[in-house]
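Below is one structure; the comments refer to it alone.
Since the model is a prediction, treat every value here as computed from it, not as a measurement.
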Amino acid sequence: MEFRPRNYVAEEQSHSLPRSRADIHPFSSSSPQSILRQVDDNEENRNNEEFFDPLRAPDSNASVETVDGHDFESSSNGNDDSFPVQTKEWTSFKRFLMQRFPVSKMISVSSMSNTIVRSGKAHEKSSSSTHLEELDDPQKFSETDTKVITQQEYVSRLHELKDEINRGWHSEDRVKSLKLSIKVARLLMDTSVSNFYPTLFVLVTDVLNMLGDMVWERIRQKAEFAEDGARLCSLRAENFRTSDVPIDAKETCYNWFCKVGSIRELLPRIYLELAIFPCWRFLIEQPVESLQRLVMMTRGIGDPLASAYCRLYIAHRAQKLPSHDTGYLITCLNDITRIFTRISSTKESAHGCFAGSKRSLVSLMEPSVEFIMKCILNDASQRRAGKVLVELGLGRSQEELFGGSPCVSIVLHHLLKQLPIDIVSFHAVDILHLIKCSNDNSYDQCLNYRLVGLRLSEQISQIGSVEAVVNEVIQVVSEYGLDEYLKVVDAYLDIVLQNQMDGHLKTILEGISKLASDKVLAEDELASLQSILVKLLSHFKDLEHVFSLNHFLQILDTMHGNSRGIVNMHILDMATRNGYVHDPTTIQLLFEISQALHSDTDLVNMKNDDNQQQARLISRFVRMVDHGVEYERHLAFLMECRGALGSIVELKEILVHSSNCLATKALKDGKKHTAFVKTCMAFSEITIPSIPGHIKQLNLYLGTAEVALLGGLVSHSDGLIDSAINCLQSSDWMEGSRTLDSDGMLSSIRKLCSLLIMVPGNPEVGILHIPKSILLIIHSRSWSPRLKARILCAIISLSATLSQERLPYHADHTEIMGNDLLFFGDSSYVCELLSLTESVLQNLVDVIEQEPSRAARGSLSLEACNCIASSFKINEHVFSVCSKLIETAKLCLNAKDKYLTSTISFLDKNLPAAAVSSSIAI
């Protein structure tokens with residue numbers, strides 16, 4: 001056998017593609033004419049090209065399909081989608097209502113809720129608990145027949161009543177269904193367990209809605225079909241008229257309203273009429289007049305909680321009408337506002353059955369205000385919203401929208417949430433004055449100031465007088481405590497930053513520093529402060545500018561816990577977002593921040609996403625630090641990081657890479673830095689063993705060995721390569737039950753073989769000591785035949801390269817001689833290479849035959865054949881090995897396989913004429 005001589009320079013030139021200057025960048029956008037030209041060219045040449053790049057072809061399906069000149073996706077069937085949307089909103093609102101007011105497991109039931117309590121189902125309270133509750137609320141326990149049941153029993157009983165109503169209806173016993181529905185509606189008269197009332201409202205109204213739907217369907221059926229089943233008319237359209245409804249259907253409908261009107265109690269009578277309220281459309285053209293009557297009737301409900309939720313149900317059921325005015329809703333809202341005013345001005349014990357705090361009562365009534373306000377101002381125009389403000393008494397006219405009387409704070413809050421942003425922006429100063437005047441106990445005043453800031457931030461450029469708005473807010477918050485101060489200024493900070501109001505920003509930070517100093521911040525305060533600092537970091541591009549802000553670092557020091565960690569993460573992200581970090585003061589500060597983050601990281605749960613993000617940010621910061629030509633200072637920084645942040649695996653890898661990069665920069669500096677490079681090598685050698693994963697260690701050792709060669713440290717390089725071999729030997733043992741990364745292993749070994757071309761051979765341990773060690777590892781491991789075969793091919797290529805008179809590349813150091821110079825003309829050197837390669841060849845053929853997959857076996861045979869043909873001159877021995885491999889490939893692959901045919905063609909070109917035979921022909 002004889003290695004094939006190679007001229008790498010000539011081969012590179014012959015295989016290089018000709019280069020020509022491009023007039024157009026390949027990734028630049030093309031003109032429409034050039035796109036059309038490309039389409040034509042692609043269509044003409046597609047059949048002739050072996051490869052067609054789909055990314056270069058225009059998308060023929062990208063155009064929007066049109067039908068009759070309109071976008072296909074925008075076509076509509078003409079149905080009104082408002083009802084499904086309202087149904088979804090109501091479902092979401094009910095869920096919110098039940099989640100906002102959780103209740104205890106036990107519920108006290110008064111005599112008016114006897115429908116719920118069955119015999120034997122009530123639970124007796126202990127005398128002590130009863131006495132305590134009686135002391136808290138004596139009026140509630142004035143009745144002697146109060147009973148207690150579990151919440152689950154209460155809900156289950158309501159579901160049973162709903163099923164009974166449904167069964168009675170479908171069994172033609174509609175009187176029973178109505179009587180049971182009245183009993184269910186009476187449950188809303190009991191407000192003794194106030195926190196349960198929102199949940200009770202949801203459960204009861206579900207039952208009443210079901211009844212209303214059944215009544216509507218019955219009357220519609222009676223209107224559309226005669227008794228014999230013949231169709232009389234169709235009322236499915238949303239705009240049918242009363243004149244379309246037959247007399248029989250109207251009489252049935254009128255009968256239902258008469259039955260409901262005969263209910264003795266006011267509250268159930270209102271709820272039942274609201275349940276069947278859409279049926280008024282069968283009787284009158286304008287049902288809204290009946291709505292106004294019901295609104296007036298609700299004024300007779302004495303309990304504020306029950307009256308608020310009754311008005312809420314009015315707003316909900318009115319949505320079933322195709323179109324309606326909102327005047328009745330404004331009346332409802334004004335009535336609720338009067339109730340709030342009365343609550344604020346009276347003593348807490350003056351509300352009959354409700355004896356809780358005024359704040360709790362207002363909180364329970366708040367959902368009614370929120371829903372009604374949303375119904376009033378939903379998609380309202382600016383002019384319509386102005387009219388609503390006048391009708392609510394807040395404005396004198398369309399020109400003076402906020403010049404009226406003060407408003408109850410909680411009503412004002414939900415009004416500001418729903419008002420069009422144009423009105424809020426234009427009248428911002430007037431709104432702030434209104435908030436200042438509307439200072440009652442129904443809602444925190446600071447939350448209204450905060451809400452205005454959040455609304456204004458939606459369109460900062462549209463604010464009428466920014467300076468006046470911010471001045472007013474700064475004046476107001478100066479009298480607040482820390483929590484309220486932070487909530488308000490957080491909402492206005494975007495306005496201050498985008499308008500570059502540096503003086504106000506300085507005042508805000510000074511106020512925070514003054515209020516937060518020498519104080520342990522609560523969770524709410526930390527959350528607000530976190531938001532403020534993150535906004536500052538997001539606004540400024542330069543971290544040093546942020547650090548130079550007055551009181552910023554002092555404020556940062558007051559934070560702790562998770563909020564401090566989040567701010568620290570944003571600081572690190574900002575520091576490394578725009579390039580390297582050079583300033584020593586900034587580096588030290590970021591290092592301390594990294595230490596704080598590291599101490600908060602849960603090392604046990606490092607796979608947690610938050611912890612991984614912290615580790616990535618810390619690692620990126622270390623990688624982006626640059627001390628310039630102060631190499632010793634940079635290395636000292638890396639050592640400090642290893643000591644303080646060493647538990648982050650990702651960081652250890654970056655420390656090794658940074659150390660190697662530092663050594664390379666020092667070598668390229670042109671000065672003598674041999675001692676410093678040795679120190680860097682020692683740092684890497686100490687750090688690498690602490691990194692889990694022997695494949696990672698192997699790659700890091702090889703990278704460090706390459707840097708050692710660059711510095712002329714051959715002995716260091718040999719030691720690092722030996723350590724890499726030890727990692728390779730330990731890989732199977734350390735992987736445990738995990739699947740071996742075959743691709744990663746193969747890549748590392750190929751990298752090692754590439755590095756060995758530059759490493760001078762050491763006669764003391766054997767010139768081919770490393771390749772032989774790799775072979776021993778292959779024989780002792782149960783690796784897959786695919787991996788073994790490719791490693792053996794790499795060793796063959798390594799031996800063939802080392803045999804050349806001129807190596808393809810050398811170590812970039814004048815004092816290191818390559819093997820082509822060290823062993824030039826030494827026949828024993830080439831003989832040793834050939835001896836190694838012969839044993840590898842036999843092993844290679846045997847290993848390929850062990851591959852169980854036919855396709856993989858055929859592909860491996862062709863890889864090996866190409867490797868052998870490229871490495872050796874073709875003689876009988878080499879030809880026989882190649883022929884055997886080709887035969888294996890032909891048995892495993894299709895005869896027309898391109899890899900197979902090209903390999904046979906390559907062999908034909910390189911074989912001597914006497915050796916060409918039919919054995920390799922297809």
### Query
About how many Å separate CZ of Phe257 and OG of Ser262, when rounded to the nearest 0.5 Å?
13.0 Å
#### Entry: Basic-acidic side-chain contact under 4.0 Å: Lys94, Asp206
yes
### Query
Any ion pair linking Arg269 and Glu265 (charged N to carboxylate O, less than 4.0 Å)?
no
### Query
Between the side chain of Thr150 and the main-chain N/O of Glu153, is any donor-acceptor distance below 3.5 Å?
yes
### Query
Given Asp173 and Arg167, is the salt bridge (charged side-chain N to carboxylate O under 4.0 Å, His left out) satisfied, shown in steps?
CA-CA 8 Å; Asp173 192 356; Arg167 285 195 301 270; over 6 Å; no
### Task
Mind telling me whether Phe371 and His316 have parallel, tilted or perpendicular rings, with 30° and 60° as the class edges?
perpendicular
### Task
Indicate the atoms forming the closest heavy-atom contact of Arg317 with Gly212, along with that distance.
NH2-CA, 4.5 Å
### Query
In terms of ring plane angle, is the pair Phe201 and Tyr313 parallel, tilted or perpendicular, where the classes change at 30° and 60°?
perpendicular
### Task
Indicate, with yes or no, if the rings of Tyr154 and Phe196 have centres closer together than 6.0 Å.
yes
### Task
Measure from the side-chain N and O atoms of Asn195 to the backbone N and O of Phe101, and report whether any donor-acceptor pair falls under 3.5 Å.
no
### Query
For atom CD of Glu289, is the number of surrounding heavy atoms from other residues, nucleotides or ligands below 6.0 Å larger than 12?
no
### Task
Verify, without hydrogens or angle tests, whether Ser307 (side chain) and Ile301 (backbone) share a donor-acceptor contact under 3.5 angstrom.
no
### Query
Is there a donor-acceptor pair closer than 3.5 Å between any side-chain N or O of Ser425 and the backbone N or O of Asp422?
no
### Task
Run the salt-bridge test on Lys259 and Glu273 with the 4.0 Å N-O cut-off and return the result as yes or no.
no
#### Entry: Steps toward side-chain contact (heavy atoms from CB on, under 4.5 Å) verdict (Glu366, Tyr443)
CA-CA 10 Å; Glu366 181 183 356; Tyr443 207 77; 3.8 Å; yes
